[in-house]
Amino acid sequence: MSSTRTLVSPAALARPRGRAVYWTVFTAVVVLFAIAFLFPVYWMVTGAMKSPDEVARTPPTIAPKEWHLSGYSDAWDLMQLPQHLWNTVVQAAGAWLFQLVFCTAAAYALSRLKPAFGKVILGGILATLMVPAQALVVPKYLTVADLPLIHTSLLNDPLAIWLPAVANAFNLYLLKRFFDQLPRDVLEAAEIDGAGRLRTLWSIVLPMSRPVLGVVSIFALVAVWQDFLWPLMVFSDTGEQPISVALVQLSQNIQLTVLIAAMVIASIPMVALFLVFQRHIIAGISAGSTKG
């Protein structure tokens, strides 16, 4: 019978003093970590409610002396947040859909269809992870500015965000590793029942892959939502710019409290997305670490 070794022995926890010390230390550590992670969020949210003089005061005030909610309404109107948030939603949703369709199809083909030179192709895809993202900016820009074969420009077009997002080697590899771990007997049973490759993918593989598809979805959405350099290059039209670019472009002659309020509003969708799908994220990460 094996015993589990812990930092605090069961005998010490059995004594009242040992339990008191353990829970005191545990509570203190949890509170300190909560403060370390939540205090910056509190500082940003309350900073938008201070007056311009108070937010720049030294030493700073922990809480606003007078609460001003006008910073959020001013940010909503002056910085045209509805338009730029909608642009970001369109760009992020398209990139997510393109990645989910094409990365899933490529990962399934490499994992289950076993194409010729599949390992060489996978190695070439993974090799792109070794190339710094900044080194690919110029080739990508030249490509979308004059699309090969059809010679059309994708500048100021959401396709300039959607198409490059498909070439995501990390998400493709994550999906392939998950497909490799799917139970072989389930797929063989579907094949015996007469299901083709596409029917197996749609009816068997995708329902079993919901956790990893959730993780890939989060990665795809967050990557587009927080990207700055690439949208700045391909969207010269201010009306088509996403929120990450608009916050910088429209921040001139804007009060600091209004800018902070705009940042708070821009971060709400991603925070809400994480809170809603946090179980799926954790399930997807853990599912990829064990062999099913």
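Keep in mind that this is a model prediction, so the values were computed, not measured.
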Inset, instruction - Considering non-hydrogen atoms only, spot the tightest contact between W230 and A160 and give its length. - result: NE1-O, 2.9 Å
Inset, instruction - Looking only at non-hydrogen atoms, find the nearest pair between H84 and Q241 and report the distance. - result: ND1-O, 2.9 Å
Inset, instruction - Indicate, with yes or no, if F26 and V21 share a hydrophobic cluster defined by side-chain heavy-atom contacts under 4.5 Å among Ile, Leu, Val, Met, Phe, Trp and Tyr. - result: no
Legend entry - Verdict with supporting geometry, L232 and V248, side-chain contact (heavy atoms from CB on, under 4.5 Å): CA-CA 10 Å; L232 177 64; V248 177; over 6 Å; no
Legend entry - Residue pair T200 / E191, side-chain donor-acceptor N/O under 3.5 Å: no
Inset, instruction - Dump the intermediate steps for side-chain contact (heavy atoms from CB on, under 4.5 Å) on F235 and V245, then the final yes or no. - result: CA-CA 9 Å; F235 288 109; V245 178; over 6 Å; no
Inset, instruction - Enter the distance from I268:CD1 to L275:CG here, rounded to the nearest 0.5 Å. - result: 11.5 Å
Legend entry - Stepwise side-chain hydrogen bond (donor to acceptor under 3.5 Å, both in side chains) check, T61 with E54: CA-CA 7 Å; T61 55; E54 185 179 0; 2.9 Å; yes
Inset, instruction - With side-chain contact (heavy atoms from CB on, under 4.5 Å) as the test, would you mind laying out the steps for V215 and N171 before giving the verdict? - result: CA-CA 9 Å; V215 174; N171 285 346; over 6 Å; no
Inset, instruction - Establish whether M130 and L172 are linked, either directly or via other cluster members, by ILVMFWY side-chain heavy-atom contacts under 4.5 Å. - result: yes
Inset, instruction - Give the minimum heavy-atom separation between L163 and F98, together with the two atoms involved. - result: CD2-CE2, 3.6 Å
Inset, instruction - Please work out whether the ring planes of F170 and F219 are parallel, tilted or perpendicular, with thresholds of 30° and 60°. - result: tilted
Inset, instruction - Indicate if I265 and L69 have the same hydrophobic cluster label, given that clusters are the connected sets of ILVMFWY residues with side-chain heavy-atom separations under 4.5 angstrom. - result: yes
Legend entry - Min side-chain heavy-atom separation V205-F178 under 4.5 Å: no
Legend entry - Residue pair T46, W67: steps toward the side-chain contact (heavy atoms from CB on, under 4.5 Å) verdict: CA-CA 8 Å; T46 58; W67 298 81; 4.2 Å; yes
Legend entry - For the student: nearest non-hydrogen atoms of F179 and R112, plus distance: O-NH2, 2.6 Å
Inset, instruction - Using the test salt bridge (charged side-chain N to carboxylate O under 4.0 Å, His left out), find all partners of K176 that sit at least two apart in sequence or belong to another chain. - result: D180
Legend entry - Interatomic spacing from CE in M208 to CG in L182 - rounded to 0.5 Å: 5.0 Å
Legend entry - Over 12 foreign heavy atoms within 6.0 Å of CG, L142: yes
Legend entry - Over 12 foreign heavy atoms within 6.0 Å of CZ, R57: yes
Inset, instruction - Answer yes if the side chains of S236 and N156 hold a donor-acceptor pair under 3.5 Å, and no otherwise. - result: yes
Inset, instruction - To the nearest 0.5 angstrom, please state how far the CD atom of E240 sits from the CG atom of D157. - result: 8.5 Å
Legend entry - L259 with F228, same ILVMFWY side-chain cluster at under 4.5 Å: no
Inset, instruction - Fit a plane to each ring of W43 and F39, take the angle between them on a 0 to 90° scale, and name the class: parallel (under 30°), tilted (30 to 60°) or perpendicular (over 60°). - result: tilted
Legend entry - Pairwise distance CE(M79) to CD(Q249) - rounded to 0.5 angstrom: 10.0 Å
Inset, instruction - Following the transitive rule for hydrophobic clusters with a side-chain heavy-atom cut-off under 4.5 Å over Ile, Leu, Val, Met, Phe, Trp and Tyr, establish whether V89 and V234 coincide in one cluster. - result: yes
Legend entry - Closest non-hydrogen atom pair, V166 against F102: CG1-CB, 3.6 Å
Inset, instruction - Supply the atom-to-atom distance I243 CD1 to Q226 CD, rounded to the nearest 0.5 angstrom. - result: 14.5 Å
Inset, instruction - Kindly give the heavy-atom pair with the smallest separation between I204 and L187, and that separation in Å. - result: CG2-CD2, 3.9 Å
Inset, instruction - Can you measure from CH2 (W225) to CD1 (I218) and round to the nearest 0.5 angstrom? - result: 12.0 Å
Legend entry - Heavy atoms from other residues, nucleotides or ligands near CG of L149 exceed 12 (cutoff 6.0 Å): no
